[in-house]
Amino acid sequence: MIGVALTLTFFAFFWALRDKLDMMGLEYVRWNRTRPVFLMRGIALGLIAGAVMAWWFRNYDLGAAPSFAELWIAVTWGPLIEEVIFRGYLFSMLERFLGRWTRNSGWLAVLGIAAIFAMGHLVKAGITPVQIASIFITGTLYGWLRLNSGSIVPSVCSHIAYNSVIYLAAAFLRHQR
């Protein structure tokens with residue numbers, strides 16, 4: 001329970017820092033305040049994507065149930081860290097690099113980072129090409145949210161919602177079998 005309390009405290013602190021991370025390279029994270037419509041859109045699309053993917057993969061081998069600590073990390077820290085890296089730093093760097101040669105650098109960055117995001121999941125044992133394709137699709141969704149809002153906050157919210165749904169669906173399916 002200490003880990004949960006620390007995570008919630010850290011998330012609250014990080015939430016309060018929106019628009020204040022503007023030095024020492026942290027400005028590239030794009031942890032900015034956004035209008036509520038962007039947050040709601042991110043959460044809604046994450047829930048929908050999670051439900052679609054949970055349905056799509058409903059017949060897959062679910063493996064052993066994760067421990068609470070693994071589940072907590074997958075639903076909180078994983079999305080935050082992945083979004084800071086992929087839709088924060090890497091997105092900003094790639095968009096800036098591509099902006100030298102094209103006006104559509106945002107969409108090229110969305111697709112390029114989604115591909116890198118999907119390839120980054122190849123290290124998981126037993127991952128299938130269909131799963132990699134679904135990760136590319138969700139990576140594209142998170143990138144679009146980042147591009148559309150100018151902030152990674154909606155993509156973090158979407159990613160958390162997505163992971164929450166797929167883990168809840170897996171637990172439900174395990175219970176049904």
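Because the structure is a prediction, the values reported are computed rather than measured.
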(message) Tell me whether F136 shares a hydrophobic cluster with V123, the cluster being built from Ile, Leu, Val, Met, Phe, Trp, Tyr side chains joined at under 4.5 Å.
(response) no

(request) Please assess V153 against N32 for the test side chain to side chain contact (heavy atoms under 4.5 Å, CB included), listing each intermediate value before the final yes or no. (result) CA-CA 7 Å; V153 175; N32 305 326; over 6 Å; no

(request) Taking all non-hydrogen atoms of both residues into account, name the closest pair between N148 and R41 and its distance. (result) OD1-NH1, 3.3 Å

(request) To the nearest 0.5 Å, tell me how far L71 CG sits from L168 CG. (result) 7.5 Å

(message) Can you list everything that forms a ring-ring contact (aromatic ring centres under 6.0 Å, His included) with Y142? Sequence neighbours excluded, please.
(response) H159

(request) Taking all non-hydrogen atoms of both residues into account, name the closest pair between A109 and L98 and its distance. (result) N-CD1, 4.0 Å

(message) Under 6.0 Å from the ring centre and within 45 degrees of the ring axis: does the NZ or CZ of R146 meet both conditions for the six-membered ring of F86?
(response) no

(request) Check G126 against Q131 and note the closest heavy-atom contact, atom names and distance. (result) O-OE1, 3.9 Å

(message) Please tell me whether F38 and L45 are part of a single hydrophobic cluster in this structure, the criterion being side-chain heavy atoms less than 4.5 Å apart.
(response) no

(request) Give the intermediate values and the outcome of side chain to side chain contact (heavy atoms under 4.5 Å, CB included) for residues I160 and C157. (result) CA-CA 5 Å; I160 287 171; C157 293; 5.9 Å; no

(request) Specify the closest pair of heavy atoms between P154 and L145, including all atoms of both residues, with the distance to one decimal. (result) O-CD1, 4.0 Å

(request) Quick one: pull up CG in L141 and CD1 in I48 and give me the separation to the nearest 0.5 Å. (result) 9.5 Å

(message) Testing V37, L39, T34 one by one against S149 for a side-chain contact (heavy atoms from CB on, under 4.5 Å), which residue passes?
(response) T34

(request) Write down the atom of T140, the atom of V110, and the distance for their closest heavy-atom approach. (result) O-CG1, 3.7 Å

(message) Rounded to the nearest 0.5 Å, what separates atom CH2 in W107 from atom CH2 in W144?
(response) 7.5 Å

(message) To check you understand the geometry: which heavy-atom pair defines the closest contact between A114 and G139, and what is its length?
(response) CB-C, 3.7 Å

(request) Verify the cluster assignment for I135 and V52: are they in a single hydrophobic cluster under the rule of side-chain heavy atoms below 4.5 Å apart? (result) no

(request) List in chain and number order the residues that pass ring-ring contact (aromatic ring centres under 6.0 Å, His included) with W101, two or more places apart in sequence or in another chain; answer none if no residue qualifies. (result) F97

(request) With side chain to side chain contact (heavy atoms under 4.5 Å, CB included) as the test, would you mind laying out the steps for M53 and V165 before giving the verdict? (result) CA-CA 9 Å; M53 293 303 175; V165 169; over 6 Å; no

(message) Please tell me whether L147 and Y162 are part of a single hydrophobic cluster in this structure, the criterion being side-chain heavy atoms less than 4.5 Å apart.
(response) yes

(request) Could you walk me through whether E70 and Y167 pass side chain to side chain contact (heavy atoms under 4.5 Å, CB included), step by step? (result) CA-CA 11 Å; E70 292 169 323; Y167 278 95; over 6 Å; no

(request) Calculate, to the nearest 0.5 Å, the distance between atoms CD1 and CD belonging to I152 and E83 respectively. (result) 7.0 Å

(request) Check the hydrophobic clustering (I, L, V, M, F, W, Y; side-chain heavy atoms under 4.5 Å; chains of links allowed) and say if Y89 and L111 are grouped together. (result) no

(request) Can you measure from CG (L122) to CD1 (I127) and round to the nearest 0.5 angstrom? (result) 6.5 Å

(message) Working to the nearest 0.5 angstrom, can you tell me the gap between N163 CG and T76 OG1?
(response) 9.5 Å

(message) Is it the case that the side chain of T138 and the backbone of S134 share a donor-acceptor pair, with hydrogens and angles ignored and the cut-off at 3.5 Å?
(response) yes

